[in-house]
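Below: one structure, written as structure tokens.
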Amino acid sequence: MDEVKIGEILLPGDRSEQESKAQKVRRRFWPTLKRAVRQVPFSRDLVAAYYCAMDPATPLRTRGILLGALAYFVMPFDVLPDVLAMVGFSDDIAVLTAAFAAISGQIKEEHYGKADTALSEEGLPA
């Protein structure tokens, strides 16, 4: 996956674009995570990113970057089909890793607390 493609995915966008992405992410995040949890090596960070993106106190740019990455993660059509064992989520992981680097330090401890609670309630590994 080349840098230009990742850069395009992670564009923060305006409020209306962010709200559209937020709706998709809210609807598809948990089912996608449950399918991917064994292939995504940082599920706790991923869930914390979800809570950070949904937090109205999160800065607009950070929220936009996270929503772009999370929307890519939950989309049913992407570069590598997610059903391919061992490689299906590798493009998603690349996008999420780039997003985490771009928003370094913006995910708060409260988002991690919510992630820990949610993962525990869902019976998923952290």
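Just so you know, these numbers come straight off a predicted model, no measurement behind them.
Screening Val47, Leu33, Asp92, Leu46 for a side chain to side chain contact (heavy atoms under 4.5 Å, CB included) involving Val40 leaves a single residue, Leu46.
Between Phe73 and Phe29, the ring planes are tilted. Angles from 30° to 60° get that label.
With rounding to the nearest 0.5 angstrom, the CG atom of Leu67 is 11.0 Å from the CG atom of Leu10. To the nearest 0.5 angstrom, Tyr112 atom OH is 4.0 Å from Asp45 atom CG. Of the inter-residue distances, the one linking Ser43 atom OG with Arg38 atom CZ reads 10.5 Å to the nearest 0.5 angstrom.
Between Thr58 and Ile107 there is no side-chain heavy-atom pair separated by less than 4.5 Å. Contact check for Gln18 versus Leu60: side-chain heavy atoms found under the 4.5 Å cut-off. Residues Lys21 and Leu70 form no side-chain contact, since every pair of their non-hydrogen atoms from C-beta on lies 4.5 Å or further apart.
Using a cut-off of 4.0 Å between Lys/Arg side-chain N and Asp/Glu carboxylate O, Glu19 and Arg26 are scored as salt-bridged.
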**Request:** Please step through side-chain contact (heavy atoms from CB on, under 4.5 Å) for the pair Arg44 and Leu119, ending with a clear verdict.
**Result:** CA-CA 8 Å; Arg44 181 177 187 247; Leu119 287 167; 4.2 Å; yes

**Message:** Working note: Asp55 + Glu110, criterion side-chain contact (heavy atoms from CB on, under 4.5 Å); need CA distance, chi angles, decisive distance, verdict.
**Reply:** CA-CA 10 Å; Asp55 184 347; Glu110 67 188 70; 3.6 Å; yes

**Item:** Verdict with supporting geometry, Glu17 and Asp14, side-chain contact (heavy atoms from CB on, under 4.5 Å)
**Value:** CA-CA 5 Å; Glu17 289 174 284; Asp14 61 22; 3.3 Å; yes

**Asked** Step by step, would you call Arg27 with Val74 a side-chain contact (heavy atoms from CB on, under 4.5 Å)?
**Response** CA-CA 9 Å; Arg27 188 172 56 250; Val74 302; over 6 Å; no

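Considering all non-hydrogen atoms of both residues, Ala69 and Ala99 come closest at CB-CB, 3.6 Å. Annotation for Ala102 and Arg61: closest pair O-NH1, 3.8 Å, computed over non-hydrogen atoms. Summarising the geometry of Ala48 relative to His111, their closest heavy-atom pair is O-CB, 3.6 Å, with the distance given to 0.1 Å.
Under a 3.5 Å cut-off, the side chain of Thr117 and the backbone N or O of Gly113 do form a donor-acceptor pair.
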